[in-house]
Amino acid sequence: MDREAKNEKEENDREREKGVAAMVACYQGFDPAAYLQYNYMPPRADFDRQDSIVPWKLGCLHRAFTEGDVGGDVLVDVGSGPTLYQVLSGCEVFDTVFLTDFLEVNRQELRRWLQGEGYSSLDWTPYLQHVCKLEGRRPSAWTEKAARLRSVVSDILPIDVHLPRPLHPDSQLPTAGADCLVSCFCLESVSPDLASFTRALGHIRGLLRPGGHLLLIGALGESYYMGGPGVRIPVVPLDEAQVCASVRASGYTLVRLEVYTLPQGMMVGVDDVTGVFFVKARKP
């Protein structure tokens with residue numbers, strides 16, 4: 001590498017680091033309880049409405065986890081935030097589940113529910129009941145599902161998707177990698193630009209064994225969301241083509257892309273999202 005190219009690379013690396021540091025600063029005021037109220041209550045989580053966003057996401061995950069090709073021992077949820085819905089189907093398929101998040105406040109929120117101690121900011125019962133219905137079980141089986149989830153979550157770990165090795169080396173993840181990764185509204189929400197989003201996809205690929213699957217849900221056309229009162233967090237505005245290109249450029253084989261377009265009733269003033277994507281991909 002000649003000196004000019006080396007200088008350009010170093011300058012690009014510095015700009016990347018500044019962008020990531022700015023994103024970290026944005027998250028210092030993140031409020032898990034407010035975020036859950038904004039996004040995981042009606043109308044966005046109205047289980048009686050066919051056009052509600054949360055049931056759509058749960059349906060995508062249910063299908064992916066029950067098609068027969070996603071399986072193994074270990075599931076890792078990348079960037080769990082303060083939410084549990086994304087592993088409600090997967091916890092029936094995998095015997096070991098790792099939840100992860102960059103923010104300690106989110107990891108604390110998850111621990112409160114999983115340990116059954118203290119106050120949880122959201123009642124997950126309607127979610128558990130809905131997924132039981134998708135599985136052909138009685139809604140009253142939600143208590144069994146809750147017990148199953150609590151039994152298979154092995155740990156709640158810190159993660160940084162901007163590092164080439166996002167998890168600490170001391171984590172109990174098998175050396176060969178996880179059998180499946182799920183990640184919902186994480187990568188585009190913590191990346192300062194499209195290139196960073198693509199790099200983060202590549203970094204988490206290192207957590208996945210060859211032949212393992214990635215189930216990715218994220219926002220389309222979103223430039224910001226509210227992470228709490230007065231906490232405006234920038235997001236990389238993605239379109240379908242960019243999502244597919246980034247997934248392939250990061251070394252995955254794209255299995256399918258599904259898209260949900262927000263109806264007017266789902267636009268509740270806490271973001272400017274226009275749609276949601278679901279990706280099922282595989283690591284060759």
Side-chain angles (χ1 to χ4, degrees), residues 19-20 22-24 26-27 30-32 34-46 51-61 64 77-87 100-103 106 159 161-162 181-201 203-204 214-228 231-250 252 254 256-281:
V20 171
M23 290 298 303
V24 171
C26 288
Y27 274 90
F30 187 86
D31 182 339
Y35 173 78
L36 290 168
Q37 291 297 310
Y38 295 159
N39 295 285
Y40 294 96
M41 295 287 288
R44 290 188 168 181
D46 186 339
D51 65 347
S52 187
I53 185 171
V54 166
W56 182 85
K57 292 187 290 184
L58 291 174
C60 288
L61 291 165
D77 181 25
V78 175
S80 306
T83 65
L84 293 163
Y85 71 91
Q86 61 275 20
V87 292
T100 71
D101 201 72
F102 182 79
L103 295 177
N106 285 335
I159 192 168
V161 299
H162 296 302
L181 304 180
V182 60
S183 186
C184 300
F185 300 101
C186 171
L187 304 186
E188 76 278 11
S189 302
V190 300
S191 297
D193 50 41
L194 179 60
S196 298
F197 170 79
T198 306
R199 273 193 302 275
L201 268 171
H203 291 163
I204 68 171
L214 169 69
L215 306 178
L216 187 68
I217 292 178
L220 292 170
E222 184 177 49
S223 68
Y224 80 94
Y225 77 96
M226 301 305 294
V231 181
R232 185 182 172 104
I233 296 176
V235 180
V236 179
L238 299 171
D239 61 32
E240 296 168 45
Q242 288 171 326
V243 171
C244 294
S246 291
V247 167
R248 292 184 175 117
S250 303
Y252 302 91
L254 181 64
R256 72 168 177 270
L257 170 77
E258 298 180 47
V259 171
Y260 166 95
T261 301
L262 264 75
Q264 193 62 40
M266 295 295 129
M267 298 178 183
V268 294
V270 296
D271 52 43
D272 60 351
V273 63
T274 60
V276 178
F277 68 84
F278 171 80
V279 159
K280 181 177 180 180

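With hydrogens and angles ignored, the 3.5 Å screen pairs a side-chain donor or acceptor of Gln242 with a backbone N or O of Asp239. Checking side-chain atoms of Ser246 against main-chain N and O of Thr198 turns up no donor-acceptor pair under 3.5 Å. Put simply, the side chain of Asp46 never gets that close to the backbone of Ser52: no donor and acceptor are under 3.5 Å apart. For Tyr38 (side chain) and Gly269 (main-chain N/O), no donor-acceptor pair under 3.5 Å exists by modelled atom type. The closest donor-acceptor contact from the side chain of Thr274 to the backbone of Leu220 lies under 3.5 Å. Looking only at distances, no side-chain donor or acceptor of His162 sits under 3.5 Å from a matching main-chain atom of His203.
Separating the CZ atom in Phe185 from the CD1 atom in Ile217 is a distance of 6.5 Å, to the nearest 0.5 Å. Atom CG of Leu254 sits about 10.0 Å away from atom CZ of Arg256, to the nearest 0.5 Å. Distance SG/Cys186 to CD/Gln86: 10.5 Å, rounded to 0.5 Å. We find the NZ-CG distance between Lys280 and Leu61 to be 11.5 Å, quoted to the nearest 0.5 Å. For the atom pair CG of Leu214 and OG of Ser250, the computed distance is 9.5 Å after rounding to the nearest 0.5 Å. In this structure, the separation between CG on Asp193 and CD on Glu188 is 13.5 Å, given to the nearest 0.5 Å.
Between Trp56 and Tyr260, the angle of the ring planes lies from 30° to 60°, which puts this pair in the tilted group.
Residues Asp101 and Gly81 approach most closely at OD1-N, 2.8 Å, considering heavy atoms. The heavy-atom pair separating Val247 from Leu216 by the smallest distance is CG2-CD2, 4.4 Å. Summarising the geometry of Val273 relative to Ala219, their closest heavy-atom pair is CG2-CB, 3.8 Å, with the distance given to 0.1 Å. Scanning all heavy atoms of the two residues, the minimum distance from Thr100 to Gly79 falls at OG1-N, 3.0 Å. Contact detail for Pro32 and Pro82: the closest heavy-atom pair is CB-CB, 3.8 Å. The two residues Cys26 and Ile233 make their nearest non-hydrogen contact at O-CG1, 4.1 Å.
Tyr252 is not listed as a side-chain neighbour of Val279, based on a closest heavy-atom distance of 4.5 Å or more. Looking only at side-chain heavy atoms (C-beta outward), Val231 and Asp31 stay at 4.5 Å or farther from each other. Contact check for Glu222 versus Pro237: no side-chain heavy atoms found under the 4.5 Å cut-off. Leu201 has its side chain out of reach of Val161: every pair of non-hydrogen atoms, C-beta onward, lies at least 4.5 Å apart. Within the 4.5 Å cutoff, no side-chain heavy atoms of Phe197 are placed close to those of Val190.
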>> Apply side-chain contact (heavy atoms from CB on, under 4.5 Å) to residues Phe278 and Leu215 and explain how you reach the verdict.
In response: CA-CA 7 Å; Phe278 171 80; Leu215 306 178; 4.2 Å; yes

> Is there a ring pair (Phe, Tyr, Trp, His ring centres under 6.0 Å) between Tyr85 and Tyr40 once you walk through the steps?
Replying inline: CA-CA 10 Å; Tyr85 71 91; Tyr40 294 96; 5.3 Å; yes

>> One pair to check against side-chain contact (heavy atoms from CB on, under 4.5 Å): Tyr27 and Leu103. What are the steps and the verdict?
In response: CA-CA 8 Å; Tyr27 274 90; Leu103 295 177; 3.8 Å; yes

>> The test is side-chain contact (heavy atoms from CB on, under 4.5 Å); show your working for Val276 and Ile53 and say whether it passes.
In response: CA-CA 8 Å; Val276 178; Ile53 185 171; 3.4 Å; yes

> Taking it one step at a time, do Phe30 and Asn106 satisfy side-chain contact (heavy atoms from CB on, under 4.5 Å)?
Replying inline: CA-CA 9 Å; Phe30 187 86; Asn106 285 335; 3.3 Å; yes

>> Run the side chain to side chain donor-acceptor pair (under 3.5 Å) test on Ser223 and Asp272 for me, step by step, so that the C-alpha distance in whole Å, both residues' side-chain angles and the decisive distance to 0.1 Å come before the verdict.
In response: CA-CA 7 Å; Ser223 68; Asp272 60 351; 2.5 Å; yes

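Under a 4.0 Å N-O distance rule, the pair Arg44/Asp271 qualifies as a salt bridge.
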